[in-house]
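Everything numeric here is computed off the predicted structure, so don't read it as measured data.
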Amino acid sequence: MKHRLLFVLLILMVTVAEAQERKRVREYGIKIGVLPTGQWNAITDVPGVQVGQVTVVKGQDVRTGVTAILPHGGNLFQEKVPAAVFVGNGFGKLAGSTQVRELGNLETPIVLTNTLSVATAMNALITHTLRQPGNEKVQSVNALVGETNDGGLNDIRERHITEDHVLTAIRKAQSGAVEEGNTGAGTGTICFGFKGGIGTASRKLPQSLGGYTVGVLVQTNFGGVLQIAGAPVGEELGKFSFRQQILEKADGSCMIIVATDAPVDARNLERMASRAMLGLGKTGGIASNGSGDYVIAFSANPGLRVPYETVQKTQTVTLLRNDEMSPLFMATIEATEEAILNSLFKAQTTQGKDKTSVEALPLEKTIQILKQHHVIRP
């Protein structure tokens, strides 16, 4: 018994060590794009944006969670923010999207979870909103909830996510570094046949281009042929969709959240959101038939907030001109690409439902491939 206990402890120590050794993309000398990152290289580099997560792991079969993104720390219903939605492929359940597209703003935090927990997350967002001081007379709430299906590793049918999980994620939301990989809504996800998860990245424009920040957070659960900075990593690892008459399915989903502090309205936010799909494409994603690929973009710029109640009939705001949008497009593409890669690099091998095991991206082999293709230089 003693020897068995020591063996188990040794395995746990090795597992912890492996987890600690997994770093973000840039820590391996892999540079994505040309623009500099923000302080945290995360969506929280956009001033005011906060992220909170709850990871739900129980026994052998439960591998799921919640990720909440707050555009600002105040009362979102009373101070709505400009927002837009772009649909890359609509095989999914993005609750609340039609009102965002119609009115061009959002009024609750954005919650990401698993497919069968969307209704629970909506109820929690409604509860959160109705409880906030100042909302005592509110009778309609447009809860915004996105999802990917983690049923490969998680006992999704039992719907283990509770309203308290969602409320806790919102309550825990903060600025600063964001946990990535097997965490929150990414706990049970799979990407390119490897363990996926939550990933984030940011870009900071130089002052000559406005000095604005673009931050992206992703929940990766999709397929294709993995590429890293143009290198055919998935192909050389022998793990990619359509290999030998589609031995591995490409279906899945990717939720992409784009935030900026630039004074951009809903129309140009939708243009930014569409560029995020280019970032997904650069990683080898194909937006397959069964993939729910959605982008939610919002501006956290305080000058653009939309008051719920006001005696004013008009609102005067300062907006960025169309001719100034291209740098933000580039920032969105770069940050999306790097956020997806960070989700893979930080994710850990996971065993879940029915003893299904999904291996993490093999970093040692991946680094060798990247060196061979001169992505990483001595």
With a 4.5 Å cut-off on side-chain heavy atoms, are [Y] and [X] touching?
X: Asp164; Y: Val54; answer: no
X: Ile32; Y: Arg203; answer: yes
X: Pro82; Y: Asp265; answer: no
X: Pro232; Y: His373; answer: yes
X: Ile228; Y: Val25; answer: no
X: Asp155; Y: Lys58; answer: no
X: Ile376; Y: Ile30; answer: yes
X: Glu334; Y: Val34; answer: yes

Please report the shortest heavy-atom distance between [X] and [Y], naming the atom on each side.
X: Ala121; Y: Thr113; answer: CB-CG2, 4.2 Å
X: Lys195; Y: Leu344; answer: O-CD2, 3.6 Å
X: Gly196; Y: Ala347; answer: O-CB, 3.4 Å
X: Ala201; Y: Ala335; answer: CB-O, 3.4 Å
X: Val141; Y: Leu130; answer: CG2-CD2, 4.2 Å
X: Arg275; Y: Phe329; answer: NH2-CE1, 3.5 Å

Could you check whether atom [atom1] of [X] has more than 12 heavy atoms from other residues, nucleotides or ligands sitting under 6.0 Å from it?
X: Phe91; atom1: CZ; answer: no
X: Glu27; atom1: CD; answer: yes
X: Glu364; atom1: CD; answer: no

Please answer: with hydrophobic residues joined when any side-chain heavy atoms are less than 4.5 Å apart, are [X] and [Y] in the same cluster?
X: Leu116; Y: Val111; value: no
X: Leu319; Y: Leu103; value: no
X: Phe194; Y: Val218; value: yes
X: Val358; Y: Val56; value: no
X: Val216; Y: Phe345; value: yes

For the side chain of [X] and the backbone of [Y], is there at least one donor-acceptor N/O pair under 3.5 Å apart?
X: Arg63; Y: Lys353; answer: no
X: Thr44; Y: Gly176; answer: yes
X: Tyr308; Y: Lys80; answer: no
X: Asn149; Y: Gly151; answer: yes
X: Asp293; Y: Ser253; answer: no
X: Asn41; Y: Ser202; answer: yes
X: Thr200; Y: Ala339; answer: no
X: Ser299; Y: Ala262; answer: yes
X: Gln315; Y: Arg305; answer: yes
X: Thr349; Y: Glu359; answer: no

Side chain to side chain contact (heavy atoms under 4.5 Å, CB included) assessment of Ile161 paired with Val66: CA-CA 8 Å; Ile161 295 298; Val66 176; 3.9 Å; yes

So, [X] versus [Y]: side-chain donor-acceptor pair below 3.5 Å or not?
X: Thr98; Y: Arg101; value: no
X: His165; Y: Thr162; value: yes
X: Asn75; Y: Asn135; value: yes
X: Glu337; Y: Thr283; value: no

Roughly how far, to the nearest 0.5 Å, is [atom2] of [Y] from [atom1] of [X]?
X: Leu280; Y: Ile340; atom1: CG; atom2: CD1; value: 4.0 Å
X: Glu163; Y: Leu125; atom1: CD; atom2: CG; value: 9.5 Å
X: Arg271; Y: Asn322; atom1: CZ; atom2: CG; value: 5.0 Å
X: Arg377; Y: Leu370; atom1: CZ; atom2: CG; value: 12.0 Å
X: Tyr212; Y: Asn301; atom1: OH; atom2: CG; value: 7.5 Å
X: Thr336; Y: Leu341; atom1: OG1; atom2: CG; value: 11.0 Å

Give me the one residue out of [options] that meets side-chain hydrogen bond (donor to acceptor under 3.5 Å, both in side chains) with [X].
X: Ser117; options: Thr115, Asn114, Thr120; value: Asn114
X: Ser343; options: Thr189, Asn182, Thr220; value: Thr220
X: Glu338; options: Lys282, Arg26, Lys31, Arg24; value: Arg26

Check step by step if side chain to side chain contact (heavy atoms under 4.5 Å, CB included) holds for Met272 and Val214. CA-CA 10 Å; Met272 288 178 65; Val214 174; 4.0 Å; yes

Give the other cluster members for Ile296, using side-chain heavy-atom distances under 4.5 Å between Ile, Leu, Val, Met, Phe, Trp and Tyr residues; answer none if it is isolated.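 Hydrophobic cluster check, Ile296: joined to Ile43, Val46, Val49, Val51, Ile69, Leu76, Val81, Val85, Val87, Leu94, Val100, Leu106, Ile110, Leu112, Leu144, Val178, Ile198, Leu217, Met255, Ile257, Tyr294, Phe298.
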
Start with the C-alpha gap between Val166 and Val145, add the side-chain angles, then the distance that decides, and say whether side chain to side chain contact (heavy atoms under 4.5 Å, CB included) holds. CA-CA 11 Å; Val166 180; Val145 181; over 6 Å; no

Asn89 and Ser291: side chain to side chain donor-acceptor pair (under 3.5 Å), yes or no, with the steps? CA-CA 6 Å; Asn89 192 72; Ser291 191; 5.6 Å; no

Ionic contact status for Lys365 with Glu236, cut-off 4.0 Å: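 Not counted as a salt bridge, because no side-chain N and carboxylate O are separated by less than 4.0 Å.
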
For side chain to side chain contact (heavy atoms under 4.5 Å, CB included), just list the numbers for Leu363 and Tyr28, CA-CA rounded to whole Å, side-chain angles, deciding distance to a tenth of an Å, and then say yes or no. CA-CA 10 Å; Leu363 294 185; Tyr28 292 99; 3.2 Å; yes

